[in-house]
Amino acid sequence: MSNEQGENVDMPQNQETQGEKTSKKSELWFPQLPAKKPNLMPPLALAYIGDAVYEVAVRQHVLSKPNLRPHHMHLQSTKYVSAKAQAQVLVSIEQDLVDDEKNIVRQGRNAKSGTIPKNANVSDYRYATALESLIGYLYYMGQHDRMRALIALGLERIDQKEI
């Protein structure tokens, strides 16, 4: 593809990062690539995008259910997006993570955000941040199938706990 000046503006090729593939613009939802490679980004930066991606996944999950009244959708969403729920999701999928993912989770859990959670204990807040970091990392690495599979597994396990 070319712009008005005839310059080639095709999507860049995959960047190699220590043997790992990083994302291409075409693999992300929007064309802007992060300023750094995902494995060099701070855990809280990964959590920042991971929070948004997870929120979309939860909303899509809630919309797949039969009751679509706005108040009901909000109540259903909060079952999955609270720090406590995100901590439970992470705990439920931890045994399914590979070493690289466990490392990202550890870094996310140990990251100091500088804020004190209002409606969560510190442990749940740190686990929630770790989950969001993992999701952000997988998103930016272009590992969307893996990201979707882990989110679906976590949501399914949370749903199974409800009785």
* Where A85 and V81 come nearest, the two heavy atoms and their spacing -> CB-N, 4.3 Å
* Atom CE in M73, atom CG in L68: separation rounded to 0.5 Å? -> 6.0 Å
* How long is the gap from CD on E156 to CD1 on I93, to the nearest 0.5 Å? -> 12.5 Å
* To do: Would you sort out whether Y127 and V89 count as a side chain to side chain contact (heavy atoms under 4.5 Å, CB included), showing the intermediate values?
  => CA-CA 9 Å; Y127 271 77; V89 166; over 6 Å; no
* Is atom CZ of R59 surrounded by more than 12 heavy atoms (other residues, nucleotides or ligands) closer than 6.0 Å? -> no
* Beyond-backbone contact of L46 with Y139, side-chain heavy atoms, under 4.5 angstrom -> no
* To do: Could you grab the distance from atom CD of E101 to atom CE of M147, nearest 0.5 Å is fine?
  => 12.0 Å
* Asked: Less than 4.5 Å apart, any side-chain heavy atom of W29 and any of V56?
  -> yes
* To do: Kindly indicate, with the supporting measurements, whether the criterion side chain to side chain contact (heavy atoms under 4.5 Å, CB included) is fulfilled by H144 and L138.
  => CA-CA 6 Å; H144 298 173; L138 292 172; over 6 Å; no
* Asked: Would L33 and M41 show up in the same hydrophobic cluster when neighbours are defined by side-chain heavy atoms closer than 4.5 Å?
  -> yes
* Separation of M141 CE from K37 NZ (nearest 0.5 Å) -> 10.0 Å
* Asked: Would you say I158 and Y54 are hydrophobically clustered, going by side-chain heavy atoms of ILVMFWY under 4.5 Å?
  -> yes
* Just wondering, are more than 12 heavy atoms of other shown residues or ligands nearer than 6.0 Å to NZ in K102? -> yes
* In one Ile/Leu/Val/Met/Phe/Trp/Tyr side-chain cluster, 4.5 Å: L90, V58 -> yes
* Residue pair G108 / T129: nearest heavy atoms and the distance that separates them -> O-CG2, 3.6 Å
* Any Lys/Arg nitrogen of D96 or R146 sitting under 4.0 Å from an Asp/Glu carboxylate oxygen of the other? -> no
* To do: Side-chain contact test, heavy atoms from C-beta onward, threshold under 4.5 Å: evaluate it for S133 versus Q107 and give yes or no.
  => no
* Asked: For D99, what residues pass the salt bridge (Lys or Arg N to Asp or Glu O under 4.0 Å) criterion, not counting sequence neighbours?
  -> none
* Measure from the side-chain N and O atoms of S82 to the backbone N and O of K79, and report whether any donor-acceptor pair falls under 3.5 Å. => no
* Asked: With E94, which residues qualify under side chain to side chain donor-acceptor pair (under 3.5 Å), at least two apart?
  -> none
* To do: Kindly compute the distance separating CG (L134) from CD1 (I151), expressed to the nearest 0.5 Å.
  => 8.5 Å
* Going from NE2 on H61 to CG on L155, what distance comes out if it is rounded to the nearest 0.5 angstrom? -> 5.0 Å
* Beyond-backbone contact of D159 with K65, side-chain heavy atoms, under 4.5 angstrom -> yes
* **Test item: R109 side-chain N/O and A130 main-chain N/O as donor-acceptor pair under 3.5 Å** => no
* Side chain to side chain, K112 and R126, heavy atoms closer than 4.5 Å -> yes
* Asked: Are side-chain heavy atoms of D51 and I135 found at a separation under 4.5 Å?
  -> no
* **Connected via hydrophobic side-chain network under 4.5 Å: I49 and Y80** => yes
* Take V91 and Q88, measure what side chain to side chain contact (heavy atoms under 4.5 Å, CB included) needs, and give me the verdict at the end. => CA-CA 5 Å; V91 167; Q88 290 172 345; 5.7 Å; no
